[in-house]
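To keep things clear, I will list the structure first and then write my remarks on it.
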Amino acid sequence: VAPPENAIEIFDALVFDAMNADFPLSKHHNTLGYRIGHAQVIGDENYRLSEILESRCMDKHLIENGWPNASKYMKGKTMTVPYAFHSAFWILFDFDDDIIYRAEKMKEESGLEKKEDDDDYDTYDQNVTKSEFQVFNGLHYGYLDVKEMRSLSNCHNNMQNHTGFNASAYLVSDHVKVKEGVHKVDASIHYYQNDMLDVYSMNDDSTTSLRDQRISFIESMAEIKVLVDSKCLGLSNTMYSMMAYYIRGPENECHVLVDECEYWDFANPLILSYEPGDYKPKNMMKIEQRSQLDNITQFPRMMRKYIKFHNKGINFGGRLKDNVPYLVYQCTDDMVCGDWGERLMGMVKALFLAMCTGRVLLIDSTSPVPLDTVLNPGFIAWNVAPPENATEIFDALNADFSISEYNNTLGYRIGHAQVIGDENYRLSEILEGSCVLNHIGEQKGFGYMKKKGLLLPNAFHSAFWALFKIDEKVLYRAEKMQIESGLNENDEELEYYGIHYDRRSFKERETILDCHENMQYYMRFNASTYLVSDSAKVKKWAHKQNPSIHYHETSKYSVSLRNQRISFIESLAEMWILVNSECLSLSNTMYSMMAYYIRGTKNTCHALGEVTCSAHRSKKYPRLLLYEPGDEQPCLGTSKYQRKKCKQELDEKLRIFRSKKKGS
């Protein structure tokens, strides 16, 4: 409807004012009407959509319209960016027939659909279009936002695996050569052969006619319509791409970020939120990483100093500076790197090795998924590309040699086989060895060893959170696995217990039931339990015996690379479920102990299954456990004497093993 003729003034109604939290509501409240230009809406100086939805202005509006519990309503899905945008778009707009017609013609000209007579396009019903009969997948490639062009072909293959049938794909991109190259690799990926104009710079291009600008503008919206109608949608980190996602609806069963397409389970798509200026879309579900050390001041002084030292060795462009000593931990496709427990222990050992020898730690781990797609860098930029000439693998942790053996080498690699194994230094040996002692002695003296910062569990805890932050896809998958297990059917925050059962370390499966009951007695409240186990039969048996013990019925994955990757991510997700449990029962495995180390020893409720759960009910659970790969069972006890005695026994066994191996 035409605005009043006297409505000519443009107001900064959405500019952020830190001194006035009610600014969007009160600034122009007494003005009958005003205009707001695009520059007054988009930009970091203006309120974001998420801020408007969560503002006092919206809160007051909800209360005035019959929502007395406005805060609870605000937390619902309908007031988050993806859902709010979706409903707002369809209240405001309907695709014009010209856009629908142009979208169909572009698909036809791309080869996605067979050519038919134009008579078929004379009239359109907004609710029934040809797109509903032509099943295809959609891909958007943002030139600066998708790391590798081959991700598009991989993404299309995974979409076909998910849907269970072969379908062509329509590729939208601002890069003509990318479209041509992808189609050449995979002929089932089609594209419209146009030189898309940059709608942001149209006004600056004097050679572009107004008619061509309008055509390009319409075609740009038509291609959004094509993406909206796709069966599966691959997104890039751009606002254009996210528009298609928002318009089609966040609950559409199949969408994924192209960069993560190869490793993600399409059956459980993320609910994504993205606004102009964001680096990448984030998961709408705010899952708290409550065990995380999220402030550098929380780390021991030695770790704080290394974080600063490490990051000084990295350029702003994300490259290692010249002549900076470095160490590369390597786990690639041709290596057997073990499960999450052994991998994480290997990386932490490499961190302390790099720390005490004055090197920048880099991690080159690509098997079965690139590590930074499931564990993001924390305070240390370990995912910087290693120097090209760093190819040689050294036995830097071999117990037959001094840790300082390679101090005169600028940089080298250390493989997983050179980290884990009885022939190599254990983490406790590194922490108590001369390399670390000399390192901290220069900073704070020998007395520092007596503090908790260098006891194995505490050292591992601080090292993990210095290195890593759990990726949102893993957090989301953990949340979904809880829901699918029946533990959290209402998708709400809840308190629960965690049990890890391993057939090799539990003699009797009845121990699971004992642990569940004993944890409830200790914590003084009834709660359900999430059971992680490598035995499907044991999980079913435990749930049958006690329905409050839940488990995730993991699929029987084949040995295909994609399914290996999904299983790998789910293994980490279940470890995270154990980390966040109120009380944790452990088995004698490195996987189980990782959950204990990551959650931190200050968490006061944990039990060692066979040792403590089967005993009489007691509130005296051990507060400190020491366990490394190769140990038969953890050292436990609340006194220093007990832990020292246990450790001496383990060290003696290790000494005998190494002497025999050296003699042979």
Side-chain angles (χ1 to χ4, degrees), residues 81-83 86 135-142 145-173 178 182 186 188-189 223-224 226-274 278-285 287 368-370 372-374 376 470-481 555 557 560-570 572-573:
V81 171
Y83 291 87
H86 177 71
V135 179
F136 63 96
N137 299 320
L139 296 167
H140 180 251
Y141 177 93
D145 300 289
V146 179
K147 294 177 182 177
E148 296 183 4
M149 193 169 65
R150 64 183 178 88
S151 298
L152 296 166
S153 180
N154 293 334
C155 202
H156 181 223
N157 291 334
N158 286 346
M159 288 176 175
Q160 294 182 100
N161 291 336
H162 169 66
T163 55
F165 61 85
N166 293 331
S168 297
Y170 187 97
L171 172 60
V172 178
S173 174
V178 167
V182 171
D186 187 344
S188 65
I189 298 179
E223 289 206 297
I224 283 185
V226 175
L227 295 178
V228 168
D229 290 335
S230 62
K231 176 66 175 176
C232 276
L233 176 59
L235 305 159
S236 63
N237 304 336
T238 63
M239 206 62 235
Y240 178 90
S241 188
M242 292 302 293
M243 285 304 97
Y245 164 66
Y246 289 160
I247 294 169
R248 76 197 236 121
E251 291 187 340
N252 193 294
E253 64 176 15
C254 188
H255 57 265
V256 72
L257 294 172
V258 171
D259 266 349
E260 301 176 357
C261 184
E262 189 174 357
Y263 318 115
W264 188 241
D265 182 4
F266 280 86
N268 298 283
L270 294 170
I271 298 176
L272 301 169
S273 179
Y274 183 87
D278 287 350
Y279 171 67
K280 64 180 292 188
K282 54 182 177 292
N283 183 7
M284 188 195 74
M285 294 185 176
I287 305 171
V369 301
D372 59 3
T373 63
V374 289
N376 306 146
I470 311 293
D471 188 84
E472 287 188 343
K473 72 166 70 64
V474 178
L475 297 175
Y476 176 79
R477 188 65 193 127
E479 193 88 359
K480 290 290 288 183
M481 292 175 82
S555 304
Y557 291 119
S560 71
L561 183 58
R562 177 176 178 269
N563 288 333
Q564 288 178 36
R565 289 166 172 167
I566 294 172
S567 182
F568 193 68
I569 292 172
E570 289 191 342
L572 182 58

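- With sequence neighbours excluded, the residues satisfying side-chain contact (heavy atoms from CB on, under 4.5 Å) with N157 are S153, Q160, D186.
- L152 and I189 make their closest contact through O-CD1, 4.2 Å (heavy atoms, listed as atom of the first residue, atom of the second, distance).
- When side chains are defined from C-beta on, V226 does not count as touching V172, because their heavy atoms never get closer than 4.5 Å.
- Annotation: side-chain contact (heavy atoms from CB on, under 4.5 Å) contacts of A167 (sequence neighbours excluded): N137, F165.
- Across all non-hydrogen atoms, the minimal contact from L139 to A169 is CD1-CB, 4.3 Å.
- A distance of 15.5 Å separates CD1 in I470 from CZ in R477, rounded to the nearest 0.5 Å.
- Between S168 and H156, the shortest heavy-atom contact is C-NE2, 3.8 Å.
- Between the CG atom in D471 and the CD1 atom in I569 there is a gap of 8.5 Å [rounded to 0.5 Å].
- In terms of heavy atoms, M243 sits closest to I224 at CB-CD1, 4.2 Å.
- In this structure a side-chain-to-backbone donor-acceptor pair under 3.5 Å is missing from S241 to T238.
- Between the R248 side chain and the S230 main chain, a donor and an acceptor come within less than 3.5 Å of each other.
- The line from OH of Y245 to NE2 of H86 is 10.5 Å long, rounded to the nearest 0.5 Å.
- Between the Y246 side chain and the V81 main chain, no donor and acceptor come within less than 3.5 Å of each other.
- Note: Y240 OH to L227 CG = 6.0 Å, rounded to the nearest 0.5 Å.
- Across M159 and G234, no two heavy atoms sit closer than the pair CE-N, 3.2 Å.
- Once rounded to the nearest 0.5 Å, the distance linking NE2 of H255 with CE of M242 reads 8.0 Å.
- What you find for Y141 and L171 is that their closest heavy atoms are CB-CD1, 4.1 Å.
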